[in-house]
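Each remark here refers to the structure printed beneath this line.
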2 protein chains.
Amino acid sequence: MSKSLLTLTPVETAACCSPLLREPLSLDQAERVVPLLKALADPVRLRLVSIVAASEGGEACVCDLNDAFDISQPTISHHLKVLHEAGLLDRSKRGVWVYYAVRREVLADVAALIGGSA
Amino acid sequence: MSKSLLTLTPVETAACCSPLLREPLSLDQAERVVPLLKALADPVRLRLVSIVAASEGGEACVCDLNDAFDISQPTISHHLKVLHEAGLLDRSKRGVWVYYAVRREVLADVAALIGGSA
DNA sequence: GATCAATATTGACAGATGTCGATGTCTGCT
DNA sequence: AGCAGACATCGACATCTGTCAATATTGATC
């Protein structure tokens, strides 16, 4: 875990499986993870993440993303904002274009939390 | 992956990381995974899963779950239904009591999909 | 079979969410 | 300066979602 969604004690780290499955999540912990899951829990956003991740150089221009869907440009922009604000996508402006890149560590953290090595 | 949220070809299986990060998710694939993420993307439900998983014998009675939250019994029942229908919780009735158990393979599938070995 | 306790279902309601069209804000170009 | 293209923001709308109180259902017990 890079920045750690959960704070782990040595004992916990050594145990069998992911924190989610090992011990009851506190309200605090849950509320730290849920925004990330919410951000991913939409077909358009999940595909956006996937398309960005699978793009050359690990990043994609918004213009390309718009073409990949049948929904309006403002809606794509909105979804990208949600993903960015959740911390799942990095944003960098180069000239007129805006590029998004997947923060894989964050995604890995979420994965480790919910499924770990179950 | 137990029942496979995604169908993988040998080539894909051999690659670097999770399907989500390796190649664009199809609409079909996204719509198969999203219900699971939606089910997890709620603080109460995420904690329910966690509490059930961490319980003795890997299962928990609804009565215990009710006590663990400050929300009404019908609401807990509703959340358990959502988790059950998403395929994340198994349900078994014994006498007057209903027990829920986490389907860890499903959780592992989701984790493998979104974070794999990123 | 009457009653009680454990869950589920129903109906209602406020608030969140996905979508759009219209418009705003940059940036590069002529 | 002015224009055109890329992206974001705004305002509106319909739908979805979490929650509750009230009620129904089911199983055990007297």
Side-chain angles (χ1 to χ4, degrees), chain A residues 25 27 30-52 55 57 59-102, chain B residues 25 27 30-31 33-52 55 59-102:
Chain A
L25 228 54
L27 230 170
E31 281 173 353
R32 236 174 301 155
V33 186
V34 162
L36 294 171
L37 290 171
K38 268 198 201 309
L40 290 172
D42 174 278
V44 172
R45 287 197 292 267
L46 194 63
R47 291 183 67 202
L48 277 171
V49 168
S50 181
I51 293 174
V52 169
S55 295
E59 61 177 10
C61 170
V62 177
C63 54
D64 295 330
L65 298 174
N66 280 326
D67 296 342
F69 295 84
D70 276 341
I71 61 187
S72 72
Q73 174 264 320
T75 300
I76 296 286
S77 189
H78 163 68
H79 284 307
L80 289 170
K81 184 181 186 180
V82 171
L83 288 167
H84 176 59
E85 288 180 343
L88 285 164
L89 292 186
D90 269 337
R91 189 176 181 281
S92 70
K93 193 167 185 175
R94 289 208 290 280
V96 187
W97 295 277
V98 173
Y99 292 83
Y100 284 92
V102 175
Chain B
L25 227 55
L27 229 170
E31 280 172 353
V33 185
V34 162
L36 294 171
L37 290 171
K38 267 197 202 311
L40 291 172
D42 175 277
V44 173
R45 287 198 292 267
L46 195 62
R47 291 183 68 202
L48 277 172
V49 168
S50 181
I51 293 174
V52 169
S55 296
E59 61 178 11
C61 171
V62 177
C63 53
D64 295 329
L65 299 174
N66 280 326
D67 296 342
F69 295 84
D70 276 340
I71 60 186
S72 71
Q73 174 266 319
T75 301
I76 295 288
S77 189
H78 162 69
H79 285 307
L80 288 170
K81 184 180 186 181
V82 170
L83 288 167
H84 175 58
E85 287 180 344
L88 285 163
L89 292 187
D90 269 338
R91 189 178 182 282
S92 70
K93 194 168 185 175
R94 290 206 290 279
V96 187
W97 295 277
V98 175
Y99 292 83
Y100 285 92
V102 174

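Letters go in sequence order (proteins before strands), and every chain restarts at 1.
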Nearest heavy atoms of Ala101(A) and Val52(A), plus distance in Å:
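Reported closest heavy-atom pair: CA-CG1, 3.7 Å.
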Please name the pair of heavy atoms, one in Pro35(B) and one in Ala86(B), separated by the smallest distance, quoted to 0.1 Å.
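In this case the closest contact between Pro35(B) and Ala86(B) is O-CB, 4.3 Å.
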Nearest 0.5 angstrom please: Tyr100(B) OH to Leu89(B) CG, how far?
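Going from the OH atom of Tyr100(B) to the CG atom of Leu89(B) covers 7.5 Å.
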Pairs involving residues 92-101 of chain B, ordered by first then second residue, that meet salt bridge (Lys or Arg N to Asp or Glu O under 4.0 Å) (sequence neighbours left out)
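Residue pairs with at least one partner in residues 92-101 of chain B: Glu59(B)-Arg94(B).
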Considering only residues two or more places apart or on different chains, which pairs with a residue in residues 81-90 of chain A satisfy side chain to side chain donor-acceptor pair (under 3.5 Å)?
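Pairs touching residues 81-90 of chain A that pass the test: none.
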What integer distance in Å separates Arg91(A):CZ from dC26(C):C1'?
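In whole Å, dC26(C) C1' and Arg91(A) CZ are 11 Å from each other.
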Identify the 5'-most and 3'-most nucleotides of DNA chain D with at least one atom closer than 4.0 Å to a non-hydrogen atom of chain A.
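So the contact region on DNA chain D extends dA6(D) to dT9(D).
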On DNA chain C, does the nearest nucleotide to Lys38(A) precede the nearest nucleotide to Cys61(B) from the 5' side, or the other way round? Give the residue.
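Nearest-nucleotide comparison on DNA chain C picks Cys61(B).
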Output one line per pair: protein atom, nucleotide atom from nucleotides 28-30 of chain C, and distance, for all N/O pairs under 3.5 Å.
none

Please tabulate, one pair per line, all N/O donor-acceptor pairs under 3.5 Å involving side-chain atoms of residues 36-51 of chain A, not counting sequence neighbours.
residue	atom	partner	partner atom	Å
Lys38(A)	NZ	Ala41(B)	O	3.0
Asp42(A)	OD1	Val44(A)	N	2.8
Asp42(A)	OD1	Arg45(A)	N	3.1
Arg45(A)	NE	Ala39(A)	O	2.7
Arg45(A)	NH1	His79(A)	ND1	3.1
Arg45(A)	NH2	Lys38(A)	O	3.3
Arg47(A)	NE	Leu25(B)	O	3.1
Ser50(A)	OG	Leu20(B)	O	2.9
Ser50(A)	OG	Glu23(B)	O	2.8
Ser50(A)	OG	Leu25(B)	N	2.8

Does CG in Asp67(B) sit with more than 12 non-hydrogen atoms of other residues, nucleotides or ligands closer than 6.0 Å?
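Yes.
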Do any N or O atoms of the protein come closer than 3.5 Å to N or O atoms of nucleotides 19-22 of chain C, and which pairs are they?
residue	atom	partner	partner atom	Å
dT19(C)	OP2	His79(A)	NE2	2.4
dC20(C)	OP2	Ser72(A)	N	2.8
dC20(C)	OP2	Ser72(A)	OG	2.9
dC20(C)	OP2	Thr75(A)	OG1	2.9

By the 4.0 Å heavy-atom rule, please label Phe69(A) as base, sugar-phosphate, or nothing.
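Nothing: the residue Phe69(A), judged by heavy atoms under 4.0 Å, touches no strand.
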Tyr99(B) near the nucleic acid: base, sugar-phosphate alone, or nothing, with a heavy-atom cut-off under 4.0 Å?
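No contact.
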